[in-house]
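Each residue takes its place number in the sequence, starting with 1. Small disclaimer: the values here were computed from a predicted structure and weren't measured. These values consider heavy atoms only, across backbone and side chains, with no hydrogens, waters or symmetry-generated copies.
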Amino acid sequence: MTPRVSWLDRTAETVRTLLTDMAADPNGQFEPCVYETARLVALAPSLPHHRQRVAFLLREQRSDGAWGGPAEYDLVTTLSATEALLTERHRAGTDPAVASAADRGVEALSRRLADLDALPDTVAVEIMVPALLSEVNAHLARLGRTPLPEPAGTRADLLDAIRDALAQGHAVPEKLWHSLELFGPSVRGATSVRPVDNRLVGCSPAATAAWLGDEVLGEGQHPGVAYLLSVQHENGGVPVAAPLTLFERAWVLSTLLDTGVPITAPRPVLDRLVDSLHGAFTDDGAAGGAGLPVDVDDTATGLHALALLGSPRSPDVLRGFDRGDHFFCFPEERTPSTSANAHVVQALGTTLALPSNTPVLDETQRAWCSERLDTVVRWLVANQHPDGSWTDKWHASPYYATVCCAVALSRHGGPAANDAVRRAVDWVLAGEQDGGVWGRWEPTREETAYAVRLLLLASDDTDERVAPVAARGARSLLRHWSDERPHPPLWHDKDVYTPTRIIQVEMLAALYAAHTDPRTAPLLAGLSDLSTTSVGTGVG
């Protein structure tokens, strides 16, 4: 008879396999993105496997004709896919599947634009929407159809200014390279753009294709062709960005370590991961992936992970992001990030907890860290919503921002943050849906993991409400641990996307916390056997 093995008994093996796979993965585990794939369909028909990318778009279209996430999060996705299929119809003539999908996309856009209250707070959305919409309307004009209206909040003037600058040979800010596909034919071979290893631009398949141009792609000799083919999934789709190794590794390691999950990877694997984190840093900070500018979110999370790993770096690298009352992700950003500032709190707090003789931290640096920590804590508390949650520019769900802020404040915020943390716990408790699940639109495994981890890591041990709710959430995660359905895309980039390995670690960390917390461990006894964890159907 096969012995019964508990979920917790298998944690070491799970972590070892996960970290070993991550260390060997040059790009990171990110699901294909409709927006990015559609830009390749439109811009790179000569790139091998074009028909696979078209087929991917056709499969991903929803029954209502749209693509992408819920509510306003289908706008950019549907604009990109519809424009690509209108372009493909113009090339291919009368392909009925392409023509039908394009027409249904136009109808979905018409409905969305009529109902739209505000643009989603995704990367470059204020120039992305007018860029894509103008292309869609040009197709509609050729077909003798009514153009679609431009929604409020767009910056067509800024788009035109960037295009004019490129046409005149001027350089554009490095942070725009990630969205280079928006700026027209002048980007092809633009000398002001610096490709990484002469093979990729802006950590983006679409930006790389736009910079190379279809003729170069068709010749098949440029190293960028190999890059584009290497990031394409078997289903024909490409991720919104690649490679994103620092982002993935910093998030995975910091979540595991901050939750107390034992790091059981072999020493060579762990050394490789630590070296890769250090290697991502420059004097200005760290970037999430190759070809991206440095930003405070990846810098802070990298610092936090390295400090927890016992290989800390100097906190001075954060000074360049200091805006006085908070830290900015990029210069001249449209909106500040609560989660990034929560990661700054973690980085500063973990650095201050280092031994006094730590070489990377002298007394002057320690005083600066302490003063900035107090300041950012005040900023996060001031930016909490009245209901106890936080929202953020990097994620569609308030559960992500709230777990980031509440856990950071509970660990490093001191008495000034106690009330904010309590209100965050109250908000999560009130948000539980039937069966111990959470979600902004519908329950998801990802958001349920955030809720469970927040309740166990940020609540007062004497709060008797927490244990039964957190245990119900853990039971739900156990039921769905082996569910192989894709997680809904909730993370913000040019479109919403899914970082699969990061979400898997969030579930792992939440379950580890539930199995080791004395409040919830007894409530899971007999329920965490692997033979009882089946593929469920109620949580995305």
Side-chain angles (χ1 to χ4, degrees), residues 28 123 173-175 177-178 196 202-203 241 243-255 257-258 273-333 335-354 358 360-361 365-366 368-373 375-377 379-380 392-395 400-401 404-405 407-408 411-412 491-493 499 502:
V123 172
E174 185 179 356
K175 70 177 184 177
W177 296 356
H178 185 54
V196 177
C203 201
L244 286 170
T245 49
L246 183 278
F247 165 51
E248 181 181 72
R249 294 173 183 186
W251 260 250
V252 163
L253 289 166
S254 62
T255 297
L257 290 160
D258 203 55
L273 292 172
V274 171
D275 289 346
S276 74
L277 293 184
H278 280 298
F281 277 80
T282 69
D283 291 342
D284 298 321
L292 293 174
V294 299
D295 69 275
V296 82
D297 207 7
D298 290 286
T299 299
T301 307
L303 290 173
H304 182 220
L306 286 168
L308 293 173
L309 287 163
S311 184
R313 295 182 66 90
S314 168
D316 281 350
V317 73
L318 290 172
R319 292 176 185 264
F321 303 98
D322 192 348
R323 184 162 278 174
D325 63 337
H326 72 284
F327 286 71
F328 59 80
C329 291
F330 305 103
E332 301 178 9
E333 65 183 354
T335 50
S337 169
T338 54
S339 71
N341 278 273
H343 293 143
V344 170
V345 166
Q346 288 183 308
L348 294 173
T350 307
T351 299
L352 286 168
L354 294 171
T358 300
V360 299
L361 189 65
Q365 292 167 320
R366 189 176 291 275
W368 179 82
C369 287
S370 180
E371 189 275 329
R372 300 320 294 150
L373 176 62
T375 298
V376 181
V377 165
W379 185 86
L380 285 176
D392 190 51
K393 66 190 288 180
W394 295 122
H395 204 284
Y400 171 76
C404 290
C405 295
V407 170
R411 296 281 176 81
H412 308 292
W491 292 65
H492 286 185
D493 196 308
I502 290 173

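- Between Leu361 and Pro315, the shortest heavy-atom distance links the atoms CD1-CG, 3.9 Å.
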- prompt: Given the rule in the salt bridge (charged side-chain N to carboxylate O under 4.0 Å, His left out) test, do Glu333 and Lys393 qualify, once you have shown the distances and angles that lead to the verdict?
  reply: CA-CA 11 Å; Glu333 65 183 354; Lys393 66 190 288 180; 3.0 Å; yes
message: Let's go through Thr351 and Leu354 carefully: what are the C-alpha distance in whole Å and the side-chain angles of both, what is the deciding distance for side chain to side chain contact (heavy atoms under 4.5 Å, CB included) to 0.1 Å, and is it a yes or a no?
response: CA-CA 5 Å; Thr351 299; Leu354 294 171; 4.2 Å; yes
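- Smallest separation of non-hydrogen atoms from Phe328 and Gly320: CZ-O, 3.4 Å.
- Between Tyr400 and His395, the ring planes are parallel. Angles under 30° get that label, and only those over 60° would be called perpendicular.
- Side-chain atoms of Asp493 and His178 include a donor-acceptor pair closer than 3.5 Å.
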message: Show, in sequence, the C-alpha distance, side-chain angles and deciding distance for Val317 and Asp284, and conclude whether the side chain to side chain contact (heavy atoms under 4.5 Å, CB included) test is met.
response: CA-CA 6 Å; Val317 73; Asp284 298 321; 5.8 Å; no
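- Of the possible polar contacts, none joining the His278 side chain to the Val274 backbone as a donor-acceptor pair under 3.5 Å is found.
- With Thr350 contributing its side chain and Ala347 its backbone, the two residues share no donor-acceptor pair below 3.5 Å.
- In this structure, Pro499 and Trp491 approach most closely via the heavy-atom pair CD-CD1, 3.3 Å.
- Between Leu292 and the options Val196, Leu244, Asp298, a side-chain contact (heavy atoms from CB on, under 4.5 Å) holds for only Leu244.
- Across Asp295 and Phe330, no two heavy atoms sit closer than the pair CB-CE2, 3.5 Å.
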task: Report the C-alpha distance between Leu306 and Phe281 in whole Å, list the side-chain angles of each, state the deciding distance to 0.1 Å, and finish with yes or no for side chain to side chain contact (heavy atoms under 4.5 Å, CB included).
output: CA-CA 11 Å; Leu306 286 168; Phe281 277 80; 4.1 Å; yes
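- A distance of 6.0 Å or more separates the ring centres of Trp379 and Phe327.
- Under the side chain to side chain contact (heavy atoms under 4.5 Å, CB included) criterion, Asp258 pairs with His304, Leu308, Gln346, Val407, Arg411, not counting sequence neighbours.
- The two atoms that bring Trp251 and Ile502 nearest to each other are CB-CD1, 3.9 Å, heavy atoms only.
- The side-chain heavy atoms of Thr245 and Ser276, taken from C-beta on, include no pair separated by under 4.5 Å.
- In this structure, Asp392 contributes its side chain and Ala401 its backbone to no donor-acceptor pair below 3.5 Å.
- A side-chain donor-acceptor contact under 3.5 Å links Thr299 to the backbone of Ala286.
- Rounding to the nearest 0.5 angstrom, the gap separating the CG atom in Asn341 from the SG atom in Cys405 is 8.0 Å.
- Taken to the nearest 0.5 Å, the OG1 atom of Thr375 stands 8.5 Å off from the CG atom of Asp325.
- Atom-to-atom distance recorded for Ser311:OG and Asp275:CG is 8.0 Å, nearest 0.5 angstrom.
- Between atom CG of residue Asp297 and atom CH2 of residue Trp394 there is a gap of 7.5 Å, rounded to the nearest 0.5 Å.
- At distances below 3.5 Å, at least one donor-acceptor pair connects side-chain atoms of Arg372 with backbone N or O atoms of Gly324.
- The minimum heavy-atom distance linking Leu277 with Ala250 is given by the pair CD2-N, 4.0 Å.
- With values rounded to the nearest 0.5 angstrom, Leu303 atom CG is found 11.0 Å from Ser254 atom OG.
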- request: Applying side chain to side chain contact (heavy atoms under 4.5 Å, CB included), run through Gln365 and Asp316 and close with a yes or a no.
  value: CA-CA 7 Å; Gln365 292 167 320; Asp316 281 350; 2.8 Å; yes
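- Taken to the nearest 0.5 Å, the CG atom of Leu309 stands 8.5 Å off from the CG atom of Leu273.
- No donor-acceptor distance shorter than 3.5 angstrom exists from the side chain of Ser370 to the backbone of Arg366, with no hydrogens or angles considered.
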